[in-house]
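Everything quoted here is computed from the prediction, not taken from an experiment.
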Amino acid sequence: MNLPNKITIFRMITVPVLLATVLIPFPYHWVASLVVYFLGCMSDTVDGNIARKRHLVTDFGKLMDPLADKALVMTAFIIMVKLGYCDVVCFSFMLAREFLVSGVRMIAASKGKVIAANVFGKAKTFLQMASTGIIFLSLAFNEIAGNIINDNILHIIATVLFWIACVVSVLSGIKYTKDGWFLIETK
């Protein structure tokens with residue numbers, strides 16, 4: 001197993017660790033959650049860069065890298081929904097987009113085609129990771145500094161960030177579907 005694939009597996013492992021740091025209260029658990037989430041998000045960039053630079057792209061990586069990304073980011077959004085920072089409708093749109101794009105990609109793969117990531121998909125991933133990361137950062141900051149950021153302000157910030165990520169996610173889903181529509185048999 002090559003290094004990029006090991007990093008992808010590491011990102012999958014961050015999912016249950018993130019959940020544990022959120023759900024098990026201990027001193028500075030939001031700081032721990034932020035660190036775990038940050039490492040998981042950064043590993044996405046690192047494994048892709050290493051794989052491309054060293055020509056270590058594998059079928060395992062092509063399949064598991066996007067799944068690891070989705071698992072990490074959707075877990076973060078589930079946490080945000082549970083905490084009341086993300087509207088369930090917003091999350092549902094983003095989750096539906098993930099299923100739609102995964103379905104289109106599976107159909108493409110079954111026909112020997114690959115629908116490559118586009119600029120909307122990369123922007124979507126960045127915005128989702130950044131928006132949830134900002135909320136984790138705010139929660140960690142409040143934990144250290146004693147709730148300096150008012151919860152009402154944090155809810156407003158989260159709402160704006162998550163809906164921006166949602167709109168870009170939907171646009172990305174439309175683009176992927178449009179690009180792969182010719183592969184879907186409608187007969």
Test of understanding: clusters of I, L, V, M, F, W, Y form through side-chain heavy atoms closer than 4.5 Å, transitively. Do [X] and [Y] belong to the same one?
| X | Y | result |
| --- | --- | --- |
| I164 | F126 | yes |
| M80 | V36 | yes |
| V22 | V31 | no |

[X] side chain to [Y] backbone, donor-acceptor under 3.5 Å:
| X | Y | value |
| --- | --- | --- |
| D47 | I7 | no |
| S131 | Q128 | yes |
| E143 | H29 | yes |
| S102 | F99 | no |

To the closest 0.5 Å, what do you measure between [atom1] ([X]) and [atom2] ([Y])?
| X | Y | atom1 | atom2 | result |
| --- | --- | --- | --- | --- |
| K70 | L72 | NZ | CG | 12.0 Å |
| K6 | I50 | NZ | CD1 | 11.5 Å |
| T75 | Y37 | OG1 | OH | 9.0 Å |
| I157 | I135 | CD1 | CD1 | 6.5 Å |
| I134 | L34 | CD1 | CG | 11.0 Å |
| M74 | T132 | CE | OG1 | 9.0 Å |

If every non-hydrogen atom of [X] is compared with every non-hydrogen atom of [Y], which pair is closest and at what distance?
| X | Y | result |
| --- | --- | --- |
| A32 | T21 | CB-CG2, 4.0 Å |
| M129 | V73 | CG-CG2, 3.6 Å |
| K124 | S172 | CB-CB, 4.3 Å |
| A68 | M12 | CA-SD, 3.2 Å |
| P4 | L56 | CD-CD1, 3.8 Å |

Other residues, nucleotides, ligands: >12 heavy atoms within 6.0 Å of F93 CZ: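 Atom CZ in F93 is not packed in, count stays at 12 or less.
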Greater than 12 external heavy atoms within 6.0 Å of F60's CZ: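 Yes.
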Stepwise side chain to side chain contact (heavy atoms under 4.5 Å, CB included) test for R11 and L39: CA-CA 8 Å; R11 188 163 53 263; L39 290 173; over 6 Å; no
Derivation and outcome, side chain to side chain contact (heavy atoms under 4.5 Å, CB included), residues S33 and L18: CA-CA 6 Å; S33 299; L18 177 64; 4.1 Å; yes
Exercise: do N5 and T58 side chains pair donor with acceptor under 3.5 Å: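 A donor-acceptor contact under 3.5 Å links the two side chains.
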Residue pair L139, I149: steps toward the side chain to side chain contact (heavy atoms under 4.5 Å, CB included) verdict: CA-CA 9 Å; L139 293 168; I149 303 171; over 6 Å; no
is_close_aromatic(F136, F38), centroid dist under 6.0 Å: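 Here the rings of F38 and F136 have centres that are no less than 6.0 Å from each other.
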Intermediate values then yes/no, side chain to side chain contact (heavy atoms under 4.5 Å, CB included), L67 and M64: CA-CA 5 Å; L67 290 178; M64 292 307 294; 4.1 Å; yes
